[in-house]
Amino acid sequence: FTMSAPPKPDDVTRGLADLSVQDANVTTGAPIAATSSSAPSTDSASASSSASASSSSPAATIPDLANLTKEDLFKLMAQMGKRPLEASAPQAKEYKFWNTQPVPKIDANPTEHGPIETKTVADISTSPYPLPTNFEWDSIDMTDEKQVQEVYTLLYENYVEDDDNMFRFDYSPAFLKWALMPPGFRREWHVGVRSSTNRKLVAFISGIPQKMRAYKDEVMMVEINYLCVHKKLRAKRLAPVLIKEITRRVNLRDIWQAVYTAGVVLPKAVAQNRYYHRSLNPKKLIDIGFSRLHRNMTMTRTIKLYKVADQPQLPGFRQLKKEDIPQVHTLLSTYLQKFNLAPVFTEDELAHWLTPVEGVVDAFVVQGSNGKITDLCSFYHLPSTVIGNKNYNTMRAAYSFYNVTHLPTEERWNDLMGDALIMAKKLDMDVFNALNVMENEKFLKPLKFGEGDGYLQYYLYNWQCPAVTPNNVGLVLL
């Protein structure tokens, strides 16, 4: 189970590809660092050259290394080491752990729809999986502030850093409570491993309930997230046991499918999406190494390029209120029916996910003069700690969540998401990140989002269906 995706998975995350070899932490939510330049390229010759190189033979793509600019070198490194993950010969891996699980094989191309294996609750053991000596299971109480702080500390110190150890995700305690306690959550699905000697929390994995629709099938699933093992205990091979244990606990509730995301290739993704980044504070992002100054651009011109208006521009644009939820539920539910992989929200679930919580999630609607809500935009907050920078210690990032417009035109999308950028900037965000899910492609380029090098794989556990294209994914996991 698990995960999501920094564009720069560290050696721990890469180890997830074969859990029988090495324990791993799995990431969710978003990229830590971008390799796209601070300003989008307007050099058509450069763009066409890159396109040509990507489709030509290997011999034709070898550049003159002596004449490479720094920017060209960045691009070459990206092409060599950060190419789309499905192009990286996954057949070379054995996937010993995942080949024991009910997931499609890495070289499979499913055409059927349905579960891969069928069991009943009577088939499931009521006893937990054994742990190594001196470790014990615990169900974490997310209503207990002390235990929430323990989960926060474990994730902060052991979850995900980028390859260069420049950034580290910083999920706040308030964010974790929001992410892990939606309607219907179960404490038993907040699975912890503690040291028997000092009771320290040393590993964690979580699941939350969510009905999903895969093509025409509506299936009750769990969203698996936050798999993390303490750095000093990776040799204990706890990750496979955590995955099997939460599977057991979920199966005992007669739920047999799960959805998860990862920045690594596993058997086998149902969809692959890409991250995009929109600078809101380009000077800071360049200073901390998240992005870089584009060739032929000055800092002054870059700041001007990414400047947004001081106030939202759409008439009737305002923050979402709780009384808006019935209208928003109808609006979003109708919209999500367009996509082949999407959640099926109840009103209570949507109220939980979209009602604004300071420092956690923000949502805005457009209301017409007749009182009808026509548009929705939302984003959640996920900062990263900046490591080793003398000027800054935090990068504040907004992540696109669920967005709908009643006019499916590029112009309307740009107006709506332009206002989302303005609100993110007013909330002191440094960058706005988005995946190319749903209809996001309509606003990414016009609003000056830069293409990142992070790919996010979507996975279904114990469910097979044909592959889903990026713009047919209607799901955003935290």
Side-chain angles (χ1 to χ4, degrees), residues 1-5 7 9 16-18 26-31 54-55 82-95 97-118 210-225 256-276 335-344 400 402 434-442 444 451-477:
F1 278 13
T2 33
M3 24 294 181
S4 205
L16 180 71
D18 189 347
V26 182
T27 73
T28 182
S54 66
S55 60
K82 301 295 183 181
R83 58 191 180 276
L85 293 171
E86 287 191 351
S88 57
Q91 292 82 357
K93 297 181 180 296
E94 294 184 22
Y95 300 107
F97 172 77
W98 291 104
N99 284 342
T100 69
Q101 303 300 299
V103 296
K105 302 303 181 186
I106 193 68
D107 57 352
N109 293 296
T111 58
E112 302 295 319
H113 300 253
I116 294 172
E117 69 175 17
T118 303
Q210 181 61 61
K211 181 179 284 188
M212 295 293 302
R213 182 176 48 76
Y215 289 88
K216 295 181 180 180
D217 295 293
E218 291 190 2
V219 184
M220 194 64 199
M221 299 190 186
V222 290
E223 295 177 2
I224 297 296
N225 220 331
W256 306 94
Q257 279 75 38
V259 59
Y260 50 99
T261 54
V264 291
V265 172
L266 305 170
K268 180 185 181 180
V270 67
Q272 181 187 67
N273 289 76
R274 189 163 194 161
Y275 276 108
Y276 290 76
Y335 178 65
L336 291 178
Q337 290 174 11
K338 298 174 62 172
F339 307 107
N340 291 336
L341 180 63
V344 181
S400 179
Y402 289 98
L435 287 160
N436 60 341
V437 295
M438 296 178 267
E439 295 181 293
N440 288 2
E441 290 277 8
K442 290 185 177 179
L444 292 174
E451 188 178 80
D453 66 354
Y455 286 86
L456 183 66
Q457 326 294 319
Y458 282 79
Y459 297 94
L460 296 175
Y461 185 90
N462 195 26
W463 190 266
Q464 61 180 345
C465 63
V468 178
T469 57
N471 64 333
N472 271 308
V473 174
L475 173 66
V476 178
L477 296 186

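All values below were derived from every heavy atom in this structure, side-chain atoms included, with hydrogens, water molecules and symmetry-related copies excluded.
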Indicate yes or no: at least one non-hydrogen side-chain atom of V473 is less than 4.5 angstrom from one of F339. no
Evaluate the side-chain proximity of V265 to I106: yes if any heavy-atom separation is below 4.5 Å, no if none is. yes
Walk me through whether V476 and S400 qualify under side chain to side chain contact (heavy atoms under 4.5 Å, CB included). CA-CA 8 Å; V476 178; S400 179; over 6 Å; no
From K211 NZ over to M221 CE, what is the distance, rounded to the nearest 0.5 angstrom? 11.5 Å
Side chains of L336 and M438: does their closest heavy-atom pair fall under 4.5 Å? yes
Counting N and O atoms only, with roles assigned by atom type, does the side chain of N436 sit under 3.5 Å from a partner on the main chain of E441, one being a donor and the other an acceptor? no
Please check if the side chain of N472 supplies one atom and the backbone of V468 the other of a donor-acceptor pair under 3.5 Å. no
Residue set satisfying ring pair (Phe, Tyr, Trp, His ring centres under 6.0 Å) with Y458, at least two apart, ordered chain then number -> none
N471: side chain to side chain contact (heavy atoms under 4.5 Å, CB included) partners, not counting sequence neighbours: T469
Test your reading of the model: is there a side-chain donor-acceptor pair from K105 to the backbone of P267, 3.5 Å cut-off? no
Just how far is it from atom CG of L456 to atom CD of Q272, taken to the nearest 0.5 Å? 9.0 Å
Rounded to the nearest 0.5 Å, what separation is found between the CD atom of Q101 and the CG atom of L266? 11.5 Å
For the side chain of Y215 and the backbone of P466, is there at least one donor-acceptor N/O pair under 3.5 Å apart? yes
Please give me the minimum heavy-atom distance between D453 and R274, naming the atom from each residue. CA-NH2, 4.0 Å
Between NZ on residue K442 and CG on residue L444, distance to nearest 0.5 Å: 12.0 Å
Test of understanding: with side chain to side chain donor-acceptor pair (under 3.5 Å), list the residues that count as partners of T100, not counting sequence neighbours. none
Specify whether W98 and Y260 have parallel, tilted or perpendicular ring planes, treating 30° as the upper limit for parallel and 60° as the lower limit for perpendicular. parallel
Are any of the side-chain heavy atoms of L341 and M212 separated by less than 4.5 Å? yes
Residues at least two apart in sequence or cross-chain that pass side chain to side chain donor-acceptor pair (under 3.5 Å) with W463, listed by chain then number, are none
Any side-chain to backbone donor/acceptor pair from N440 onto L435? Under 3.5 Å, distance only. yes
Can you name the side chain to side chain contact (heavy atoms under 4.5 Å, CB included) partners of E117, sequence neighbours left out? P102, K119, N462
Run the salt bridge (Lys or Arg N to Asp or Glu O under 4.0 Å) test against K338 and tell me which residues pass, sequence neighbours left out. E439
Within the 4.5 Å heavy-atom criterion, are Y402 and L475 side-chain neighbours or not? yes
Supply the atom-to-atom distance L477 CG to E223 CD, rounded to the nearest 0.5 angstrom. 5.0 Å
